[in-house]
Amino acid sequence: MVKIIGIRFRDAGKVYYFDPKSFEIHAGSHVIVETAQGIEFGTAIGRVREVADDEIVQPLKAVVRVATDEDEAHALRCREKEKEAMVICREKIAKRGLEMKLIDAEYTFDNSKLLFYFTADGRVDFRELVKDLAAVFRMRIELRQVGVRDETKLLGGIGICGRVLCCHSYLSDFAPVSIRMAKEQNLSLNPTKISGVCGHLMCCLKNEEETYEYLNSRMPGQGDTVTTADGRQGTVQNLNVLRQRVKVLFEENDEKEIEEFDVSELTFRPRRKKEKPAKNRDKKEKDHDKNADHDRNTDRDKNADHDRNTDRDKNADHDRNTDRDKNADHDRNTDRDKNADHDRNADRNEDTDRDGDADKQDKHENTGKGRKEHHEHSTEGRRAHRRPEPQRSAHHPE
């Protein structure tokens with residue numbers, strides 16, 4: 001078991017839990033604690049109590065000390081300085097011409113940081129404003145944009161009931177409020193009557209929701225048929241939920257009569273409690289919508305992927321066909337060029353061979369002619385140089 005104490009830093013602010021150590025802390029006591037924002041001055045809510053270890057988010061920070069009179073005076077001075085900071089910040093905002101509404105300012109207890117809260121219709125570029133404020137206050141400046149409900153919570157006000165707003169007096173967290181709650185309480189759906197100072201549905205609609213759901217579950221619906229203790233049957237004309245009274249319309253012999261009964265005196269088919277079925281139905285509808293959106297997104301992604309893959313395949317096929325055509329054209333051109341070159345070379349070689357054969361033939365003919373002429377010349381020469389034979393006379397004796 002672990003001892004804890006709840007600490008609140010602003011009126012109707014969120015409650016944070018700390019380790020009280022051995023300090024004697026009572027409800028309403030002021031304490032000094034260390035937070036992620038620095039040293040803070042807070043107020044104890046309730047008393048010290050023990051909880052199980054698994055219910056605490058570790059690490060659990062401890063209380064530094066119980067606030068002294070000096071701490072009280074320092075916290076009061078910080079509240080006074082916040083008013084001056086608001087005036088200076090409004091002047092800087094007007095000088096910069098920024099579309100933002102300043103709500104509140106807050107000093108940390110150790111004066112290490114100054115926070116400004118503002119509202120705006122959209123995003124605001126306040127970087128130059130932060131530089132101006134840092135030059136004036138000489139400390140870390142932080143600006144936080146809040147919604148209209150947070151604005152109402154910080155500023156406070158009086159509700160249509162005549163009391164201080166719930167969010168400013170005791171409501172630490174904003175609970176979700178729906179129009180179904182107003183219908184369950186049989187309220188007028190006029191927006192001016194069911195909306196709060198912030199313009200949203202009143203937070204107090206949540207306060208009595210469970211009570212009205214329980215009471216309505218014990219009563220018939222308007223227009224239902226009910227049976228009285230004496231056996232007469234009539235139609236529900238009007239309901240008083242808080243008093244649990246029912247007005248019943250009877251029709252007999254063309255005469256109409258209205259009587260009021262306690263709900264315990266009537267027999268009817270009671271309505272089921274709407275809280276859990278409504279929540280389950282809302283959850284199922286949300287899950288169904290989420291699943292439908294998921295399926296649509298999945299189908300859209302699949303179709304998109306299929307289209308991309310198809311386009312990619314088409315482009316790949318087109319590129320391959322283009323490359324194939326280019327390669328085929330290149331091969332045909334290369335073969336054509338090779339064949340042309342080969343034909344030209346063959347023709348050139350044929351011409352060269354023909355010319356060579358002609359030259360050889362001419363040379364051969366010339367050679368043969370030369371040889372013949374030489375042979376003839378040699379024969380004639382031999383004949384010319386041959387020794388003449390002596391002529392025989394007729395009277396030469398044998």
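Basis for what follows: all heavy atoms, side chains included, without hydrogens, waters or symmetry-related copies.
The backbone N or O of S112 lies less than 3.5 Å from a partner atom in the side chain of T108, making a donor-acceptor pair. Panel note: side chain Q222, backbone Q237; a donor-acceptor pair is recorded below 3.5 Å. Judged purely by atom type and a 3.5 angstrom limit, K21 has no side-chain atom pairing as donor or acceptor with the backbone of V64. The closest donor-acceptor contact from the side chain of S29 to the backbone of H26 lies under 3.5 Å.
Under the 4.5 Å side-chain heavy-atom criterion for ILVMFWY residues, a single connected hydrophobic cluster contains both Y214 and V241. One hydrophobic cluster holds both L115 and L155 under the rule that ILVMFWY side chains link at heavy-atom gaps under 4.5 Å. Taken together through direct or relayed side-chain contacts under 4.5 Å among Ile, Leu, Val, Met, Phe, Trp and Tyr, V66 and F9 form part of one hydrophobic cluster. Connection of V226 to L239 is established within a shared hydrophobic cluster, with ILVMFWY side chains joined at heavy-atom distances below 4.5 Å, either directly or through further cluster members. Linking Ile, Leu, Val, Met, Phe, Trp and Tyr whenever their side-chain heavy atoms come within less than 4.5 Å puts V15 and V51 in one cluster.
Residues in residues 94-105 take part in these side chain to side chain donor-acceptor pair (under 3.5 Å) pairs, two or more places apart or across chains: R10-D104, R96-D132, K101-E151. Among residues at least two apart or in separate chains, there is no ring pair (Phe, Tyr, Trp, His ring centres under 6.0 Å) pair with a member in residues 169-205.
In this structure, SG on C166 lies 14.0 Å from NZ on K206, to the nearest 0.5 angstrom. Once rounded to the nearest 0.5 Å, the distance linking CD of Q233 with OG1 of T225 reads 6.5 Å. The line from CZ of R163 to SG of C204 is 10.5 Å long, rounded to the nearest 0.5 Å. Between R149 atom CZ and L171 atom CG the span is 8.5 Å, to the nearest 0.5 Å. Note: S264 OG to Q244 CD = 9.0 Å, rounded to the nearest 0.5 Å. For the atom pair OG1 (T227) and CG (L266), the distance works out to 8.5 Å, reported to the nearest 0.5 Å.
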Check residues 41-50 and write down every donor-acceptor pair under 3.5 Å in which the side-chain atom is one partner and the other belongs to a residue at least two apart or another chain.
none

Solution key, residues 245-253 side-chain donor-acceptor pairs under 3.5 Å, sequence neighbours excluded:
none

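The other residues sharing a hydrophobic cluster with V136 are M86, I88, I93, L98, M100, L102, Y107, L114, F116, F118, V124, F126, L129, V130, L133, F137, M139, I141, L143, where clustering joins ILVMFWY side chains under 4.5 Å apart. Other cluster members for M1: none, since no ILVMFWY side-chain heavy atom sits under 4.5 Å from it. When hydrophobic residues (I, L, V, M, F, W, Y) are linked wherever their side-chain heavy atoms come within less than 4.5 Å, the members clustered with V177 are I160, I179, M181, L187, L189, I194, L201, M202, L205.
For R243, there are no side-chain hydrogen bond (donor to acceptor under 3.5 Å, both in side chains) partners at least two apart in sequence or on another chain. Partners of D71 under the side-chain hydrogen bond (donor to acceptor under 3.5 Å, both in side chains) rule, at least two apart in sequence or in another chain, are R65, T68. The side-chain hydrogen bond (donor to acceptor under 3.5 Å, both in side chains) test applied to E72 returns H30, not counting sequence neighbours. The side-chain hydrogen bond (donor to acceptor under 3.5 Å, both in side chains) search around E40 returns none, not counting sequence neighbours. Annotation: salt bridge (charged side-chain N to carboxylate O under 4.0 Å, His left out) contacts of E91 (sequence neighbours excluded): none.
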What verdict does the side chain to side chain contact (heavy atoms under 4.5 Å, CB included) test give for E106 and R144, after you've listed the backbone C-alpha separation in whole Å, the side-chain angles of each residue and the deciding distance to 0.1 Å?
CA-CA 11 Å; E106 180 183 0; R144 293 183 183 178; over 6 Å; no

Go through it in stages, so that I can follow the logic: the residues are I5 and F23, the test is side chain to side chain contact (heavy atoms under 4.5 Å, CB included), and I'd like the CA-CA distance, side-chain angles, deciding distance and then a yes or no.
CA-CA 11 Å; I5 181 68; F23 296 109; over 6 Å; no

Could you walk me through whether N190 and S188 pass the side-chain hydrogen bond (donor to acceptor under 3.5 Å, both in side chains) test, one step at a time?
CA-CA 5 Å; N190 188 347; S188 173; 5.1 Å; no

Can F261 and T228 be said to form a side chain to side chain contact (heavy atoms under 4.5 Å, CB included), step by step?
CA-CA 8 Å; F261 299 88; T228 62; 3.8 Å; yes

Trace of the side-chain hydrogen bond (donor to acceptor under 3.5 Å, both in side chains) decision for N216 with E184
CA-CA 8 Å; N216 283 329; E184 190 74 28; 2.9 Å; yes

Go through the steps to decide whether K153 and C198 satisfy the test side chain to side chain contact (heavy atoms under 4.5 Å, CB included), and finish with yes or no.
CA-CA 9 Å; K153 182 180 180 67; C198 61; over 6 Å; no

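Side-chain contact, Q145 with Y117: no donor N or O sits under 3.5 Å from an acceptor N or O.
Of the charged side-chain nitrogens involved, at least one lies within less than 4.0 Å of a carboxylate oxygen, so that R180 and E209 count as a salt-bridged pair. A salt bridge does not link R77 with E80: every distance from a Lys NZ or Arg NE/NH1/NH2 to an Asp or Glu carboxylate oxygen is 4.0 Å or more. The residues E84 and K81 are annotated as not salt-bridged, no charged nitrogen and carboxylate oxygen being separated by less than 4.0 angstrom. A salt bridge is defined here as a Lys NZ or Arg NE, NH1 or NH2 lying under 4.0 Å from an Asp or Glu carboxylate O, and D125 with R127 meets this definition.
More than 12 heavy atoms of other residues, nucleotides or ligands shown are found within 6.0 angstrom of NZ on K61. For D262, the CG atom counts as densely surrounded, since its 6.0 Å shell holds more than 12 non-hydrogen atoms of other residues, nucleotides or ligands. Around CG of N238, the count of heavy atoms belonging to other residues, nucleotides or ligands within 6.0 Å exceeds 12. In the displayed structure, D230 atom CG is contacted under 6.0 Å by more than 12 heavy atoms of other residues, nucleotides or ligands. The number of heavy atoms from other shown groups lying within 6.0 Å of CZ (R140) does not exceed 12.
Residues F18 and I4 form no side-chain contact, since every pair of their non-hydrogen atoms from C-beta on lies 4.5 Å or further apart. You'll find the side chain of P20 stays beyond 4.5 Å of the side chain of V31, heavy atoms only. With a 4.5 Å cut-off on side-chain heavy atoms, R8 and K14 do not count as touching.
The shortest non-hydrogen separation linking G38 to D110 is CA-OD2, 4.2 Å.
Among V63, D19, I39, the one residue that satisfies the side-chain contact (heavy atoms from CB on, under 4.5 Å) test with V33 is V63.
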